[in-house]
Each structure stands twice: as structure tokens, then as C-alpha cells.
Amino acid sequence: MINVLYEPFPESICADGTEYPIITDFREWLRFADMLGDETVSKKAKLLLMTEWLIEKPQRVTEELVRAILDFYKGSGLELDLLHGEEGSEQDQMARPPVISWCIDGRYILGDFRRYYGIDLLTVRYMHWWEFRCLFTALPDDSVTHKRMAYRSIDTSQIKSDTERRRIMRIQQQIAIPFELDDDMIGAAFGGMI
């Protein structure tokens with residue numbers, strides 16, 4: 001984990017004994033997220049497309065390289081993971097719908113950055129992806145973005161009051177992110193039993 005108060009954000013990743021300079025602007029990583037979520041792009045094509053975020057192209061795409069790119073995207077050195085929830089096993093997280101969509105929630109993120117930080121994400125010249133992630137995570141709980149994330153993450157089966165459960169379920173339906181389990185996710189969620 002890095003200390004963001006005095007350590008610089010990474011400008012490269014390391015995989016297979018090679019250091020690869022990487023594109024770091026937040027806009028590019030939002031595009032990366034869109035690419036990962038695009039169901040019209042095959043898994044094999046996504047693996048090849050991931051290298052587009054590297055300044056120097058590798059000779060081959062390895063598992064270690066893909067893991068390093070995904071770790072950069074997730075901000076692994078920051079130990080942040082609000083995008084898929086913070087609790088539960090990896091299998092549990094895979095089976096749960098995401099709590100944030102950069103595309104669907106984009107207007108709220110834009111508004112919250114202006115409101116709380118005075119930053120216009122449309123005109124800011126540059127912001128490192130990890131800086132964006134830090135600021136995003138630090139948005140106050142009463143920000144529109146965090147409220148939407150909180151409502152999406154509520155397990156309504158744990159709510160005892162029928163009235164409150166119906167109210168939360170109505171809100172969840174209104175702000176739902178389209179989510180469908182693919183065969184791999186279903187298999188992982190059931191421990192490979194399928």
C-alpha cells in the first residue's frame with residue numbers, strides 16, 4: 001500500500017520481469033471499465049485490448065500482465081474496493097450486482113466532484129486514475145453517488161419492516177444497474193458445482 005500523502009502514484013506496472021509505462025489519466029480508465037463491461041467484446045478480445053493502456057506494447061499477453069493491468073485499474077496499491085462491495089468472499093462479490101456504474105452514475109459523479117471538490121471532470125486537464133479513485137472514495141456519505149451505492153448494496157432480506165423493505169426495493173428498482181450473471185460467474189458462485 002502506498003501513502004498517497006507523499007508517495008507518487010504509479011506511472012508503470014511490472015509483469016514478467018518487465019516494467020511497462022502505463023496511461024494514467026482517469027478518463028482512459030473509465031474507457032477501460034466500459035471495455036470490460038462491453039458484452040459485445042469477447043473475453044479473448046478484451047485480453048488483447050487491455051494492452052492498449054500500455055505505452056509500450058508487450059510481445060505477448062500473459063496472465064501476470066493481465067493481473068498487473070487489472071490491479072492498476074482496481075487501485076490495488078490503495079486498498080480501495082467500493083466498486084463491488086467491501087465484504088464477503090470473492091465468489092460472493094462476483095454473484096452480487098455492482099453498486100456503481102461509471103456510465104449510469106456518471107452525471108452524479110460529475111455533480112458530486114463539482115459540488116464537493118470544485119473539480120469539473122469535463123474540463124480538468126489531467127488527473128491520475130488513482131487520484132480520481134481516492135477522491136471518489138472520499139466523497140461524503142451524503143453525496144448522491146454514495147447514496148446510490150448504499151441503496152444498491154442493501155440486502156432487503158435483512159429488513160424486518162415490510163414497509164421499509166418495500167420502500168428500499170422500490171428505490172433499488174429505480175436505480176438498478178443492469179446485471180446478468182454469465183456462465184463463469186454462475187459456476188464460481190456455486191463453487192464449480194455446475
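Sequence positions, counted from 1, serve as the residue numbers for this chain. This one's a predicted model, so the numbers in the text were calculated from it and none came from an experiment.
I100 and I168 sit in two unconnected hydrophobic clusters of ILVMFWY residues. Membership requires side-chain heavy atoms under 4.5 Å apart, directly or through other members. In the hydrophobic clustering of this structure, V99 does not group with M169; members are Ile, Leu, Val, Met, Phe, Trp, Tyr whose side-chain heavy atoms approach within less than 4.5 Å, directly or through other members. A continuous path of hydrophobic side-chain contacts links L30 to L135 [ILVMFWY only; heavy atoms under 4.5 Å]. There is no path of hydrophobic side-chain contacts, each under 4.5 Å, that joins I109 to Y151. F9 and I13 fall within a single hydrophobic cluster, where Ile, Leu, Val, Met, Phe, Trp and Tyr are joined by side-chain heavy atoms under 4.5 Å apart, directly or via other members.
Atom CG of D142 has more than 12 heavy atoms from other residues, nucleotides or ligands within 6.0 Å. No more than 12 heavy atoms of other residues, nucleotides or ligands shown are found within 6.0 angstrom of CD on Q59. Heavy-atom contacts from other residues, nucleotides or ligands closer than 6.0 Å to NZ of K44 number 12 or fewer. Heavy-atom neighbours of R115 CZ from other residues, nucleotides or ligands within 6.0 Å: above the threshold of 12.
Between the side chains of S143 and Y108, not a single donor N or O lies within less than 3.5 Å of an accepting N or O.
Ring planes of W129 and Y73: parallel class, angle under 30° (limits at 30 and 60°). Note: F136 and F132 have parallel aromatic rings, judged against thresholds of 30 and 60 degrees for the angle between ring planes.
For N3 (side chain) and L5 (main-chain N/O), a donor-acceptor pair under 3.5 Å exists by modelled atom type. When atom types are taken as modelled, the side chain of H128 and the backbone of E11 share no donor-acceptor pair closer than 3.5 angstrom.
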Practice problem: Apply side-chain contact (heavy atoms from CB on, under 4.5 Å) to the pair V124 and F113, showing each step before the final yes or no. | Solution: CA-CA 11 Å; V124 66; F113 267 69; over 6 Å; no

Exercise. Go through the steps to decide whether F32 and M50 satisfy the test side-chain contact (heavy atoms from CB on, under 4.5 Å), and finish with yes or no.
Key: CA-CA 8 Å; F32 182 88; M50 283 183 184; 3.8 Å; yes

Quiz prompt | E164 and R167: CA distance, side-chain angles, deciding distance, salt bridge (charged side-chain N to carboxylate O under 4.0 Å, His left out) verdict | solution = CA-CA 5 Å; E164 180 65 3; R167 184 184 79 80; 2.9 Å; yes

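Here the closest non-hydrogen pair linking M35 and W53 is CE-CZ3, 4.1 Å. Among all heavy-atom pairs drawn from Y117 and L139, the shortest one is OH-N, 3.4 Å. Smallest separation of non-hydrogen atoms from L122 and R114: CD1-NH2, 3.8 Å. Closest non-hydrogen pair, V61 versus V66, comes out as CG1-CG2, 3.6 Å. Here the closest heavy-atom approach between residue A15 and residue A68 is recorded as CB-CB, 4.2 Å. The heavy-atom pair separating D141 from K147 by the smallest distance is O-CG, 3.8 Å.
The line from CZ of R60 to CG of L65 is 9.5 Å long, rounded to the nearest 0.5 Å. To the nearest 0.5 Å, atom CD1 of residue I175 and atom CD1 of residue I104 are 10.5 Å apart. Separation of atoms CE (M127) and CZ (R133) is listed at 13.5 Å; rounding is to 0.5 Å. Expressed to the nearest 0.5 Å, how far CD of Q172 lies from CG of D155 amounts to 8.5 Å. Distance check: W130 CH2 to T137 OG1 gives 12.5 Å after rounding to the nearest 0.5 Å. Here SG of C134 is found 4.5 Å from CG of L78. Values are rounded to the nearest 0.5 Å.
Under a 4.0 Å N-O distance rule, the pair R31/E28 qualifies as a salt bridge. Here R152 pairs with D105 in a salt bridge; the nearest charged N to carboxylate O distance falls below 4.0 Å.
Looking at residues two or more places apart in sequence or on another chain, you find no side-chain contact (heavy atoms from CB on, under 4.5 Å) involving A150.
Hydrophobic cluster membership of I55, counting Ile, Leu, Val, Met, Phe, Trp and Tyr whose side-chain heavy atoms lie under 4.5 Å apart directly or via other members: I23.
Put simply, the side chain of E56 reaches to within 4.5 Å of the side chain of P21, judged on heavy atoms.
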